[in-house]
Protein chains: 2
Amino acid sequence: MTLSEEDYIKAIYHLGKNENTTVSTNAIADRMDTKPSSVSDMVRKLSEKGIVNYRKYKGVSLTGTGIKTALALVRKHRLWEVFLVDKLNFSWDEVHEVAEQLEHIKSEKLVDGLDKYLGHPEVDPHGDPIPSKKGEFKKSIKKLLNEVPIGTKGVCVGVKDSSPPFLKFLDKKQISLGDTILVLDKEEFDASLHIKIKGKGIHISNQIAANLYLKITE
Amino acid sequence: MTLSEEDYIKAIYHLGKNENTTVSTNAIADRMDTKPSSVSDMVRKLSEKGIVNYRKYKGVSLTGTGIKTALALVRKHRLWEVFLVDKLNFSWDEVHEVAEQLEHIKSEKLVDGLDKYLGHPEVDPHGDPIPSKKGEFKKSIKKLLNEVPIGTKGVCVGVKDSSPPFLKFLDKKQISLGDTILVLDKEEFDASLHIKIKGKGIHISNQIAANLYLKITE
DNA sequence: ATTAAATTTTAGACAAAGCTAAAAATTTGT
DNA sequence: ACAAATTTTTAGCTTTGTCTAAAATTTAAT
């Protein structure tokens, strides 16, 4: 399996999102920053290898083998992201490019060792789930913080209101993208929230919560 | 800098060992398990890029830039080896192949972070010195354990007598390749040694010491 | 439903890195 | 010193992955 083949497999996997969705040549070319003609060539090759299902002009989808390969790559990518953030103090937004390289390293022992060393994490720093060795993983969805039930745990992945005052407020409260948030309790009176973030509990208004996106795995 | 170029640079560096020694085409081909004709091609390319000095039929040597590149690769390789052994419990002899892949990952922040995370190690699990970020490092030499002065610290890298009884003895004493050994004291009477290994002090005869190779950085 | 627009595939080239076989240069043996 | 042996380079071909331009197919629009 070459570098390039692996990149195509990942692209097809991410574009196919939900299931065995069939993906268009142009979509792949766009995502990979290459030309449709190159995609045609590679897709034919992957098809001959039994990694994708392909009918000319009709789009492409991953076979069982293809999905397994894709999940192994995603697993590696996300484990490395956890490593970079947890152990080497990379920040949320610096990890992707490096993980993109690291995911191509071939060594089963390395991946297993890393997984164990990191304590078998279930999500990466962006809140996306990490497939198990067998390829199992939970789906994750994005919701506004004020819409989730008590007890929900997730990663803060975005803001709805991106005005400077709001961002400044978040900064003051020490809430940053990538932080894990646990919803402890809700006030009935004003729908304000008690949450746990960075190890300590804080109290935020419903209005704040209504502008924070949480990625949760269910 | 492509993967392949980096591999050639490392090969030339290791063959040139001591200094700006000029290296032969055949030697490179042998070490890299490729053909001399391929080496000729690549060497011409590296020469055009200012990474090696090259005169047809006269051999090749690294330029200043070339040496800097080589040292950066060696640094990465050895840091990863330390990571694999110290953090992921790889054994002495499993690390090379994986480090060979990891050394090609491009990210200054990653290398610096790894170095710091590992506590700025000075030698890899084989006892070979790790170049600093600036490319400085101590030479290392191999000596028999009974020939080094008190206070010497090194890594056990080999045996002179490889007979089963001796190896069995080492096993019983829990002395393995890759262990760091510190010479604590020498008995004048029988030249036996007190050494520290795996955190605890033990006592070994001169005869044993005379059959253990230590790699020390001076 | 037939043409126009968009998408996809093919054909032909190119660069990187390798190989084989043959030519050129260097080294060695006598 | 000169022929033989060795080493190194060149020439030409292959594979992988890419590109451009042109052809084929599908989709959309009137």
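Computed from a predicted model, the values in this text were never measured in an experiment.
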**OP:** Would you tell me whether B:S176 and B:K198 have side-chain atoms, one donor and one acceptor, within less than 3.5 Å of each other?
**Re:**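 Result is yes, a qualifying pair exists.
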Subject >> B:D93 versus B:S91, side-chain donor and acceptor atoms under 3.5 Å >> reply: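 B:D93 and B:S91 do have a side-chain donor-acceptor pair below 3.5 Å.
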**OP:** Check DNA chain C against residues 29-44 of chain A and give the residues with a non-hydrogen atom under 4.0 Å, in numerical order.
**Re:**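 Those residues are A:P36, A:S37, A:S40.
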When you measure from the side-chain N and O atoms of [X] to the phosphate of [N], is any distance below 4.0 Å, counting only OP1 and OP2?
X     : N      : result
B:N26 : D:dT6  : no
A:T25 : C:dT9  : yes
A:Y8  : D:dT18 : yes

**OP:** By nearest nucleotide on DNA chain D, pick out whichever of B:K58 and A:E5 is the more 5' one.
**Re:**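 Comparing both residues, the 5'-ward one is B:K58.
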Original post:
What pairs with A:T152 under side-chain hydrogen bond (donor to acceptor under 3.5 Å, both in side chains), at least two apart in sequence or on another chain?
Top reply: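 Partners of A:T152 by the side-chain hydrogen bond (donor to acceptor under 3.5 Å, both in side chains) criterion come out as none, since no residue qualifies.
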Original post:
Who passes side-chain hydrogen bond (donor to acceptor under 3.5 Å, both in side chains) against A:D128, sequence neighbours left out?
Top reply: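 Partners of A:D128 by the side-chain hydrogen bond (donor to acceptor under 3.5 Å, both in side chains) criterion, ordered by chain and then number, come out as A:K215.
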Original post:
Could you give all pairs that pass the salt bridge (Lys or Arg N to Asp or Glu O under 4.0 Å) test and reach residues 46-60 of chain A, with sequence neighbours left out?
Top reply: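 Found A:E5-A:K49, A:R44-A:E48.
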Pairs under 3.5 angstrom only: tabulate donor-acceptor contacts from the side chains of residues 80-87 of chain B to other protein residues two or more places apart or in another chain.
{"from": "B:W80", "atom 1": "NE1", "to": "B:L102", "atom 2": "O", "distance (Å)": "3.4"}
{"from": "B:E81", "atom 1": "OE1", "to": "B:H126", "atom 2": "ND1", "distance (Å)": "3.0"}
{"from": "B:E81", "atom 1": "OE2", "to": "B:H77", "atom 2": "NE2", "distance (Å)": "2.9"}

**OP:** Rounded off to whole Å, could you give me the CG-to-C1' distance for the A:L3 and D:dT18 pair?
**Re:**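 Interatomic distance, CG of A:L3 to C1' of D:dT18: 15 Å.
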**OP:** Would you mind reading off the distance between A:E48 atom CD and D:dT16 atom P, rounded to a whole angstrom?
**Re:**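 Distance, rounded to whole Å: 11 Å.
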Original post:
So, B:E136 and B:R75, do they make that salt bridge, N to O below 4.0 Å?
Top reply: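 Looking at B:E136 and B:R75, the cut-off is not met.
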Pairwise N/O distances under 3.5 Å, protein to nucleotides 22-25 of chain C:
{"from": "C:dA25", "atom 1": "O4'", "to": "B:Y57", "atom 2": "OH", "distance (Å)": "3.4"}

Subject >> Ring-face cation of A:K109 near B:F90 (centre distance under 6.0 Å, axis angle within 45°) >> reply: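 Yes - A:K109 lies over the ring of B:F90, closer than 6.0 Å to its centre and within 45° of its axis.
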